[in-house]
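Heads up, the thing below is written out as structure tokens.
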Number of protein chains: 2
Amino acid sequence: MRPGGRTARNTEAVLEATLTELGTRGYAGLTVERIATRSGVHKSTIYRRWGGVDGLLSTALARSGTGSWRPPQTGALHTDLLALLHRVTENFTSEREGPVATAAIAAAFESARAASALHDFFVDQHGRSAVVVEAAIARGEVPAGTDGREVVRSAVAPIYYRLFVSREPVTDADVELAARVATEASIAGLFCPVD
Amino acid sequence: MRPGGRTARNTEAVLEATLTELGTRGYAGLTVERIATRSGVHKSTIYRRWGGVDGLLSTALARSGTGSWRPPQTGALHTDLLALLHRVTENFTSEREGPVATAAIAAAFESARAASALHDFFVDQHGRSAVVVEAAIARGEVPAGTDGREVVRSAVAPIYYRLFVSREPVTDADVELAARVATEASIAGLFCPVD
DNA sequence: CCGCTACTGCAACTATAGTCGCATTATGGC
DNA sequence: GCCATAATGCGACTATAGTTGCAGTAGCGG
């Protein structure tokens, strides 16, 4: 192993090129050869180090999850979830991170490695996002013992469902409804394992 | 156009081979050449008539949605939704229809045609499934004006989210929770457009 | 500064997806 | 039954994904 110097520079160049390619051509047009040309790193080097597009997406996704992002806190669960859902929606239409997550979801259908990376990514996301539920518990807004991860899943699921399963547009009303359902269900204590 | 005779036989053979291939090799291993070999229809013919795997999946998906399936009626919204969700879960692990829908979801990331077919498929599914909500309205279980399609989306979304987005296993407890949240939200009137 | 070797570049190679022109077959109207 | 032609079969072709052997470069310990 020799992680420094040129190897590190190549890693940066290749992952950078991967993000740019995803932003312009999308997942369908993602090609190792094109990434090689854009990054200046030879095709065979990329295949040797990452194995293919699934490996590139997996590492790119893992990197994007290493940040120290925290969900915004507004003082009420409903508005917290609303802000979270708006961020998710925008995240998938944004320039840089969006195409990576979308491509990773697509790649997970073809590659076990990408599926594993995707799983880890969302486990991390759930944990970070669940903070807003902890705050709601602390405020006495929802019952103690409420499963924050489950609340987050329930809130975001309809958004992803519309985007990638039923392929329906996501409107502000849809976001509002998803946040409200998750909020009211939390208040009602539906997300308490020992109810 | 000359839809009868050999053309019809070829259509059956090719779509049948597509389903079999999906069941054995899955979407990642789906190839026009392999379908051509299995069906006995020449490769170029398949490309000319369906354009590629996305066209095959689109028509196969459209065909699977033409049945006269109706959701089971148990007499209460919660158990109706529970039965519906169990069917959805099993549907994606069953032998024949499951791989088609899974493959169509995957193909929708790469093909606008597959995305359109997928959209139509789920619009139809929502409409059929919403019958259980209509029955609940008739029983006075949920408020009149409740949007049945929205209830169905809310109920099934967490299942699809776990299966294809966060890549988490789907347990009976998850199904139960999803059905309960959708039921309680319906009773609370959250799915009434004019609340 | 020097040498070992991990890493990379290069080019040729195989395998397969998809296209195209042309000959052949079989359908549906008469 | 017969014909016009839609549909298909066939094979050769191009393009591209991915692999491999070999030579050259550069990181890192001495």
Side-chain angles (χ1 to χ4, degrees), chain A residues 1-22 24-60 103-104 106-114, chain B residues 1-18 20-22 24-60 63 103-104 106-114:
Chain A
M1 186 95 80
R2 195 178 279 179
R6 184 165 61 166
T7 300
R9 286 196 301 275
N10 281 350
T11 301
E12 294 306 318
V14 168
L15 294 182
E16 172 69 24
T18 302
L19 295 184
T20 310
E21 281 295 320
L22 275 177
T24 56
R25 299 262 177 169
Y27 173 67
L30 193 65
T31 295
V32 173
E33 291 223 20
R34 193 175 292 274
I35 294 173
T37 304
R38 179 181 289 273
S39 65
V41 178
H42 201 269
K43 179 176 66 163
S44 56
T45 300
I46 298 178
Y47 276 113
R48 278 191 278 248
R49 286 187 52 192
W50 287 280
V53 285
D54 62 330
L56 285 170
L57 285 175
S58 300
T59 54
F109 285 90
E110 301 169 6
S111 156
R113 183 176 178 182
Chain B
M1 185 94 79
R2 195 178 280 179
R6 183 165 63 168
T7 299
R9 286 196 303 275
N10 282 348
T11 301
E12 295 305 319
V14 168
L15 293 183
E16 173 69 24
T18 302
T20 309
E21 281 295 319
L22 274 177
T24 56
R25 300 263 176 169
Y27 172 66
L30 194 65
T31 295
V32 174
E33 292 223 22
R34 192 175 294 272
I35 294 172
T37 304
R38 179 180 289 274
S39 65
V41 178
H42 200 269
K43 180 176 65 165
S44 57
T45 300
I46 298 179
Y47 275 113
R48 277 192 278 249
R49 286 189 48 193
W50 288 280
V53 285
D54 62 328
L56 286 170
L57 286 174
S58 300
T59 53
R63 282 205 166 194
F109 285 90
E110 303 168 6
S111 156
R113 183 176 177 183

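Naming: A, B, ... by sequence-line order, numbering from 1 per chain.
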- Query: Between R49(B) (CZ) and dA7(D) (P), how many Å, whole number?
  - Reply: 8 Å

Kindly give the atom pairs (protein nitrogen or oxygen, nucleotide nitrogen or oxygen) under 3.5 Å for nucleotides 26-30 of chain C.
from, atom 1, to, atom 2, distance (Å)
dT27(C), OP1, R9(B), NH2, 3.3
dT27(C), O2, R2(B), NE, 3.3
dT27(C), O2, R2(B), NH1, 2.8
dT27(C), O2, R2(B), NH2, 3.0
dG28(C), OP1, G4(B), N, 2.9

- Task: Over all heavy atoms of both residues, which pair between V14(B) and I35(B) is shortest? Give the atoms and the distance, please.
- Result: O-CG2, 3.9 Å

- Report yes if a side-chain nitrogen or oxygen of T45(B) is closer than 4.0 Å to either non-bridging phosphate oxygen (OP1 or OP2) of dA7(D); otherwise report no. no

- Item | For DNA chain D, the residues among residues 32-43 of chain A that have a non-hydrogen atom under 4.0 Å from it | E33(A), K43(A)

- Heavy-atom pair of closest approach, residues Y27(A) and A107(A): OH-CA, 3.7 Å

- Query: Just by distance, do the side chain of T37(B) and the backbone of E33(B) share a donor-acceptor pair under 3.5 Å?
  - Reply: yes

- Query: Where is the tightest heavy-atom contact between A17(A) and S39(A), given as atom of each residue plus distance?
  - Reply: CB-CB, 3.8 Å

- Across all chains, not counting sequence neighbours, the side chain to side chain donor-acceptor pair (under 3.5 Å) partners of R6(B) are none

- Message: Measure OH/Y47(A) against C1'/dC7(C) and give the value in whole Å, please.
- Response: 19 Å

- Message: On a heavy-atom basis, which atom in R63(B) and which in T11(B) lie closest, and how many Å separate them?
- Response: NH2-CG2, 3.8 Å

- Should N10(B) be listed as having a side-chain N or O under 4.0 Å from OP1 or OP2 of dA7(D)? no

- Item | With R38(B) via salt bridge (Lys or Arg N to Asp or Glu O under 4.0 Å) - residues at least two apart | E21(B)

- Message: Taking the axis from the first five pairs and the axis from the last five, what angle separates them in the helix from dC1(C)-dG30(D) to dC30(C)-dG1(D), rounded to 10 degrees?
- Response: 40°

- Task: Classify the side chain of S44(B) versus the base of dC10(D) as yes if they form a donor-acceptor pair under 3.5 Å and no if they do not.
- Result: yes

- Query: Expressed in angstrom and rounded to an integer, what is the separation of L30(A) atom CG from dA17(D) atom P?
  - Reply: 10 Å

- Query: Which heavy atom of W50(A) sits nearest a heavy atom of R113(A), and at what distance?
  - Reply: O-NH1, 3.3 Å

- Item | Test side chain to side chain donor-acceptor pair (under 3.5 Å) applied to D54(B) - qualifying residues, sequence neighbours left out | S111(B)

- Task: Give a yes or no answer on whether the side chain of T45(B) reaches the backbone of V41(B) with a donor-acceptor pair at less than 3.5 Å.
- Result: no

- Note on the structure: Rounded to whole Å, CZ of R25(B) lies from P of dT16(C) at a distance of 11 Å

- Item | Partner of I46(B) under side-chain contact (heavy atoms from CB on, under 4.5 Å), chosen from V32(B), T18(B), N10(B) | V32(B)

- R48(B) CZ - dT24(C) C1' separation (whole Å): 12 Å

- Item | Interatomic distance where CH2 belongs to W50(A) and P belongs to dG18(D) [whole Å] | 16 Å

